[in-house]
Colleague: 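Got a structure for you, questions after.
Counting starts at 1 for both ligands and their atoms, following the listed order.
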Amino acid sequence: MPHSRPVLAITAGEPAGIGPDLVLRLPELGLPARLVVIADKHLLASRAAQLGLHTPLHDYQPGQAAPAGALEVWHVPLAAAAAAGQLDAANGRYVLATLDVAIDGCQRGEFAAMVTAPVHKGVINDAGIAFSGHTEYLAERTGTPKVVMMLAGAGMRVALATTHLPLRAVADAISRDSLREVITILHADLVGKFGIAAPRILVAGLNPHAGEGGHMGREEIDVIEPVLSELRAEGMQLVGPLPADTLFNPDKLASADAVLAMYHDQGLPVLKHASFGAGINITLGLPIIRTSVDHGTALDLAGSGRADPGSLFEACQLACQLARHHH
Ligand SMILES: NC(=O)c1ccc[n+]([C@@H]2O[C@H](COP(=O)([O-])OP(=O)(O)OC[C@H]3O[C@@H](n4cnc5c(N)ncnc54)[C@H](O)[C@@H]3O)[C@@H](O)[C@H]2O)c1
Ligand SMILES: N[C@H](C(=O)O)[C@H](O)COP(=O)(O)O
């Protein structure tokens, strides 16, 4: 019965980072899914030996599930041997090749969802490949004009109006059109993927004190408020633009299904402070399901056995739930 359990594609990420360490722990979760790890199989075997783990590794065969408790491996060969903690730009293309296998498999329907362990954005760029993150890469590879990054954890969902941009470029990137698209995607996926019938979304301002009536910036008046009014008229429950320094107070969050922050470090430090180690990153607006960890490659911990698999576990659990819901 090959289709009785959803098949999750899990990319092991940067080979020198903690991704390989964490995926080797996945059988502990006992998830009702087939876990197909996309990575170099020799890397996984040698990292398992380094960590003293005895995770059963089977070559992935689409029509034949491995026994529960084992990982199935879709082998993508490294370009150069990888040592824990030591980045090597020679493997930049390998990392993207693992993502391509997962994306293509999801688009074909062979995988129900993909879950990503962390990649190192810097070393991929050092390899001569322009790369700002999975989020943007997935949008491009699936031909999706606009996606939304959302992190979830500690009872919060925080979506971002802009993602991996220099701070200097943020204000210019927030236009009425882009904001309307972001809120529309966020709203649609809260309803469609998360099953929240009438989501209530808190929207942050961009400037301190949400612009202080135009005295500390005009983006709230010129861009954010007009879009919120327009979308409220379509029936969305949108509160804001609110000053970002107080919008994360527990009493405000209690009444909300999600927060929309205007930029990466307005929203994510709050969420990661509250949930680091168990937070999840979800890409909204894609034609496929993608969840991820909330942390990076932690090169300092790779191969040490001290990396916490909690976030990867949560990401796989959510991918499994969303896949079942979608199915
Ligand atoms: N999903 C992703 O692919 C993703 C997410 C965030 C950062 N990154 C990338 O990771 C690289 C390193 O980023 P960084 O140093 O800012 O963040 P990081 O998350 O790798 O490390 C920050 C701190 O948290 C610790 N840490 C991280 N994950 C942990 C875990 N699972 N268990 C225990 N401790 C953990 C690290 O040891 C370090 O002290 C960058 O290239 C960044 O772009 C990738
Ligand atoms: N912004 C994310 C975070 O800080 O957790 C992270 O960089 C991952 O982004 P991608 O999923 O786009 O790689």
Side-chain angles (χ1 to χ4, degrees), residues 10-26 38 51 84-89 91-92 95-96 98-99 102-103 114-127 129-142 144 146-153 156-167 170 261-286 288-316 318-319:
I10 299 138
T11 53
E14 165 54 44
I18 57 174
D21 310 30
L22 301 179
V23 299
L24 287 163
R25 304 271 310 268
L26 280 172
I38 301 166
L51 294 167
Q86 289 171 32
L87 292 172
D88 184 343
N91 285 323
V95 170
L96 297 190
T98 64
L99 296 180
I103 295 166
M114 65 183 279
V115 182
T116 57
V119 301
H120 195 283
K121 300 176 187 42
V123 81
I124 298 173
N125 282 280
D126 289 344
I129 306 160
F131 179 86
S132 55
H134 289 96
T135 307
E136 298 82 356
Y137 188 76
L138 283 156
E140 193 185 319
R141 265 304 249 94
T142 58
T144 313
K146 186 87 183 167
V147 296
V148 175
M149 183 189 295
M150 182 172 87
L151 276 87
M156 274 182 265
R157 295 188 190 92
V158 178
L160 305 179
T162 57
T163 56
H164 295 122
L165 285 182
L167 196 47
V170 164
M262 290 296 118
Y263 58 95
H264 191 277
D265 287 0
Q266 183 183 59
L268 299 194
V270 182
L271 185 121
K272 291 190 182 185
H273 172 71
S275 70
F276 199 60
I280 318 169
N281 178 343
I282 309 122
T283 312
L284 307 180
L286 287 173
I288 61 177
I289 295 168
R290 180 262 174 160
T291 67
S292 181
V293 292
D294 69 346
H295 55 75
T297 49
L299 298 171
D300 52 325
L301 299 181
S304 72
R306 288 185 286 119
D308 180 351
S311 175
L312 185 67
F313 284 7
E314 294 289 335
C316 288
L318 180 65

Colleague: With respect to atom 34 (N) of ligand 1, which of Asp308, Leu268, Leu312, Leu301 exhibits the smallest heavy-atom separation?
Modeller: Leu301
Colleague: Give me the atom names and distance for the closest heavy-atom approach of Leu312 to Val115.
Modeller: CD1-CG1, 3.9 Å
Colleague: Show the nearest heavy-atom pair for residues Ala307 and Leu301, with the distance to one decimal.
Modeller: CA-CD1, 4.2 Å
Colleague: Would you kindly specify which portion of Ala298 sits under 4.0 Å from ligand 1, judged on non-hydrogen atoms: side chain, backbone, both or neither?
Modeller: both
Colleague: For atom 21 (O) of ligand 1, is some protein heavy-atom partner under 4.0 Å away?
Modeller: no
Colleague: Run through Asp88, Val123, Asn91 and flag the one making a side-chain contact (heavy atoms from CB on, under 4.5 Å) with Glu14.
Modeller: Val123
Colleague: Does the Thr162 side chain pair with the main chain of Met262, one donor and one acceptor, at a distance under 3.5 Å?
Modeller: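 Yes; judged by distance alone, with no hydrogens or angles, the pair exists.
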Colleague: How far is atom 25 (C) of ligand 1 from its nearest protein heavy atom, and which residue and atom is that?
Modeller: Phe276 CE2, 4.3 Å
Colleague: Distance under 4.0 Å to a non-hydrogen atom of His120: what atoms of ligand 1 satisfy this?
Modeller: 11 (C), 41 (O)
Colleague: Do Asp300 and ligand 1 have an N or O pair less than 3.5 Å apart?
Modeller: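 Right, the criterion is met.
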Colleague: Quick check against the 3.5 Å criterion: does Lys146 have a side-chain atom that pairs as donor or acceptor with the backbone of Gly285?
Modeller: no
Colleague: I need the minimum non-hydrogen distance between Val293 and Asn281, along with the two atoms involved.
Modeller: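 Heavy atoms only, the tightest pair is O-CB, 3.6 Å.
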Colleague: Atom 4 (C) of ligand 1: protein heavy atom closer than 4.0 Å?
Modeller: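 Given the 4.0 Å cut-off, atom 4 (C) of ligand 1 counts as touching protein heavy atoms.
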Colleague: Between Ala261 and Val158, which heavy-atom pair has the shortest distance, and what is it?
Modeller: CB-CG1, 4.3 Å
Colleague: Only heavy atoms of Pro118, strictly under 4.0 Å: list the atoms of ligand 1 that pass.
Modeller: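 Under 4.0 Å from Pro118, ligand 1 has these atoms: 2 (C), 3 (O).
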Colleague: Measuring only between side-chain heavy atoms, which start at C-beta, is Glu136 closer than 4.5 Å to Thr163?
Modeller: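 Answer yes - side chains close enough.
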Colleague: Without swapping roles, check the side chain of Ser292 against the backbone of Thr116 for a donor-acceptor pair under 3.5 Å.
Modeller: yes
Colleague: Parallel, tilted or perpendicular: which one describes the rings of His295 and Phe276, with boundaries at 30° and 60°?
Modeller: perpendicular
Colleague: Taking 4.0 Å as the limit for heavy-atom contacts, which would you say applies to Thr116 with ligand 1: side chain only, backbone only, both, or neither?
Modeller: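 Neither; nothing of Thr116 gets under 4.0 Å from ligand 1.
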Colleague: Report all N/O contacts between ligand 2 and the protein shorter than 3.5 Å as a table of atom names and distances to 0.1 Å; if there are none, say 'none'.
Modeller:
unit_1, atom_1, unit_2, atom_2, d
ligand 2, 1 (N), His164, NE2, 3.1
ligand 2, 1 (N), His264, NE2, 2.8
ligand 2, 4 (O), His264, NE2, 3.3
ligand 2, 4 (O), Lys272, NZ, 2.8
ligand 2, 5 (O), Lys272, NZ, 2.8
ligand 2, 7 (O), Lys121, NZ, 2.9
ligand 2, 7 (O), His164, NE2, 3.0
ligand 2, 11 (O), Asn281, ND2, 3.1
ligand 2, 11 (O), Arg290, NH1, 3.1
ligand 2, 11 (O), Arg290, NH2, 2.8
ligand 2, 12 (O), His134, N, 3.1
ligand 2, 12 (O), Thr135, N, 2.8
ligand 2, 12 (O), Thr135, OG1, 2.5
ligand 2, 13 (O), His134, N, 2.8
ligand 2, 13 (O), His134, ND1, 2.8

Colleague: So is Thr297 polar-close to ligand 1, meaning N/O to N/O under 3.5 Å?
Modeller: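 Yes, Thr297 has an N/O under 3.5 Å of an N/O on ligand 1.
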Colleague: Judged by atom type as modelled, is there a donor-acceptor pair below 3.5 Å linking the side chain of Thr144 to the main-chain atoms of Leu286?
Modeller: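 Flag not set: sc Thr144 to bb Leu286 has no pair under 3.5 Å.
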Colleague: What atoms of ligand 1 come within less than 4.0 Å of a heavy atom belonging to Ser292?
Modeller: 1 (N)
Colleague: So Tyr263 and Leu167, do their side chains get closer than 4.5 Å, heavy atoms only?
Modeller: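 In contact.
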Colleague: For ligand 1, which atoms have a heavy atom of Ala307 less than 4.0 angstrom away?
Modeller: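 Contacts of ligand 1 toward Ala307, numbered from 1: 32 (N).
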Colleague: What do you reckon, does Asn281 put a non-hydrogen atom under 4.0 Å from ligand 1?
Modeller: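 Contact check Asn281 vs ligand 1: negative.
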Colleague: Provide, to 0.1 Å, the distance between atom 42 (C) of ligand 1 and the closest protein heavy atom, together with that atom's residue and name.
Modeller: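 In this structure, atom 42 (C) of ligand 1 has Lys121 NZ, 4.3 Å as its nearest protein heavy atom.
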Colleague: Measure across Thr291 and Ala315 and return the closest heavy-atom pair with its distance rounded to 0.1 Å.
Modeller: OG1-O, 2.8 Å
Colleague: Has ligand 1 got any nitrogen or oxygen that is less than 3.5 angstrom from a nitrogen or oxygen of Gly296?
Modeller: yes
Colleague: Answer with side chain, backbone, both or neither: which part of Glu14 has a heavy atom less than 4.0 angstrom from an atom of ligand 1?
Modeller: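 Within the 4.0 Å criterion, Glu14 makes no contact with ligand 1.
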Colleague: Start with the C-alpha gap between Ile282 and Leu318, add the side-chain angles, then the distance that decides, and say whether side-chain contact (heavy atoms from CB on, under 4.5 Å) holds.
Modeller: CA-CA 9 Å; Ile282 309 122; Leu318 180 65; 3.6 Å; yes
Colleague: Which pair of heavy atoms, one from Val119 and one from Gly13, lies closest together, and at what distance?
Modeller: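 Minimum heavy-atom contact is CG1-CA, 4.1 Å.
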Colleague: Can you confirm, on distance only, whether ligand 1 has an N/O atom lying under 3.5 Å from any N/O atom belonging to Val119?
Modeller: yes
Colleague: Return a yes/no value: protein heavy atom under 4.0 Å from atom 16 (O) of ligand 1?
Modeller: no
Colleague: Can you name the atoms of ligand 1, numbered from 1 with element, that are less than 4.0 Å from a heavy atom of His134?
Modeller: 3 (O)
